[in-house]
Protein chains: 2
Amino acid sequence: MDLETITVNQKVISAKKLKKMFGHLDLRDADLICPIRDVMATVSDKWSTLIIMYLGYYPVLRFNELKKKVYGISNKVLSERLKQLEGDGYLKRTMYPEVPIRVEYELTDFGHSYLQRLIELTEWAQKYKECVLSNRANSQRK
Amino acid sequence: MDLETITVNQKVISAKKLKKMFGHLDLRDADLICPIRDVMATVSDKWSTLIIMYLGYYPVLRFNELKKKVYGISNKVLSERLKQLEGDGYLKRTMYPEVPIRVEYELTDFGHSYLQRLIELTEWAQKYKECVLSNRANSQRK
DNA sequence: CAGTATCCCGACAGATACTG
DNA sequence: CAGTATCTGTCGGGATACTG
């Protein structure tokens with residue numbers, strides 16, 4: 001299994017960062033952590049992730065284009081996610097009052113900022129997916 | 001709003017990375033993306049995230065210690081998440097057949113590897129949470 | 001074209017009680 | 001102590017039909 005080497009030092013660094021972020025993690029309520037959870041909730045959803053990635057790939061997409069790209073998503077969910085993502089500032093919605101109406105979606109700079117984090121995470125996941133899937137298979141055989 | 005500057009060049013780089021990761025994203029089925037989704041599904045869950053962070057902070061925790069730290073989690077869900085995380089290789093479970101029985105959980109090196117990504121993401125989220133929350137508040141007033 | 005409005009269903013979380 | 005077992009409710013997603 002081809003793991004990046006994790007040194008004792010790196011573990012200490014992680015612990016320190018956690019401490020710095022949350023103070024003492026001994027807290028009874030997760031309210032200190034929850035704002036971050038709130039932020040991530042919108043954006044870590046499986047459909048939102050795909051929407052953001054497609055908009056990172058194609059700079060501008062219309063509603064029905066997105067619906068085709070994000071294969072399997074329903075009208076309702078696509079509409080909901082787009083509203084949330086727009087509301088949180090990840091993307092911009094532009095409406096052209098033509099007939100028939102045309103609406104275009106694109107990432108804001110903030111959306112692009114998140115996209116970069118998302119890509120980092122996806123690169124990590126892709127690097128280790130075989131590792132995880134074989135672990136999983138082994139553990140299920142027992 | 002205090003955003004990191006996103007250059008046109010960075011947007012192009014993101015698009016290229018996406019292209020490299022997934023080939024042409026025009027695919028009808030998301031199967032190419034789904035293995036990564038599978039990987040992330042276990043680990044991006046709200047409870048799993050907290051479990052991993054607590055185990056990054058406290059090197060070793062027992063079942064009931066975790067249950068206190070991860071405030072609000074039920075026996076059932078904690079037990080399920082621990083099994084999944086162990087099965088995927090993020091943490092190690094050690095049982096001491098004493099009376100009463102003692103079981104200890106700790107992150108594997110792989111778990112620490114993921115923890116680092118998680119911390120990066122959390123740092124990002126913390127940096128921009130005011131931004132997101134004010135965006136959200138503004139958009140809801142309309 | 002770009003969405004709403006409904007209805008329906010199943011997965012999954014929470015609570016509680018129990019056990020090796 | 002470290003978990004199962006069970007039941008129950010809800011919440012969110014899918015499908016479909018409709019509208020400005």
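Order of the sequence lines fixes the chain letters, A, B, ..., with proteins taken first and strands second; residue numbering starts at 1 for each chain.
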Each nucleotide in nucleotides 13-20 of chain C should get exactly one letter: B, S or -. Can you fill that in based on protein heavy atoms under 4.0 Å?
BBB-B---

May I have the distance from B:Leu66 (atom CG) to D:dG3 (atom P), rounded to whole angstrom?
10 Å

Integer-rounded Å distance: C:dG3 P and A:Leu82 CG
7 Å

Is there a salt bridge (charged side-chain N to carboxylate O under 4.0 Å, His left out) between A:Arg62 and A:Glu104 once you walk through the steps?
CA-CA 5 Å; A:Arg62 302 170 63 172; A:Glu104 292 184 345; 5.7 Å; no

So what is the end-to-end bend of the helix from C:dC1-D:dG20 to C:dG20-D:dC1, with 5 pairs used at each end and the value given to 10 degrees?
50°

How far apart are the closest heavy atoms of A:Tyr105 and A:Arg93, and which atoms are they?
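Closest heavy-atom pair between A:Tyr105 and A:Arg93: OH-NE, 3.4 Å.
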
Using heavy atoms and a sub-4.0 Å distance, could you list which residues of residues 83-95 of chain B are near DNA chain D? By number, please.
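Hits under 4.0 Å, by residue number: B:Lys83, B:Arg93.
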
So, OP1 or OP2 of C:dA2: does either fall under 4.0 Å of a side-chain N or O from A:Ser79?
no

Would you indicate, yes or no, if D:dG3 has its OP1 or OP2 atom less than 4.0 angstrom from a side-chain nitrogen or oxygen of B:Tyr105?
yes

Side-chain (A:Thr108) to main-chain (A:Tyr90) donor-acceptor, under 3.5 angstrom
yes

Is there a side-chain contact between B:Tyr128 and A:Val39 in this structure, where contact means two heavy atoms from C-beta onward sitting under 4.5 Å apart?
no

A:Asn64 has a side chain; which of C:dA2, D:dC1, C:dG3 sits nearest to it?
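Per side-chain heavy atoms of A:Asn64, the pick is C:dA2.
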
Can the positive tip of A:Arg37 be found less than 6.0 Å from the middle of the six-membered ring of B:Trp47, inside 45° of the ring normal?
yes

Cationic N near anionic O, under 4.0 Å, A:Asp109 to B:Lys11:
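A salt bridge is present here (some side-chain N lies under 4.0 Å from a carboxylate O).
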
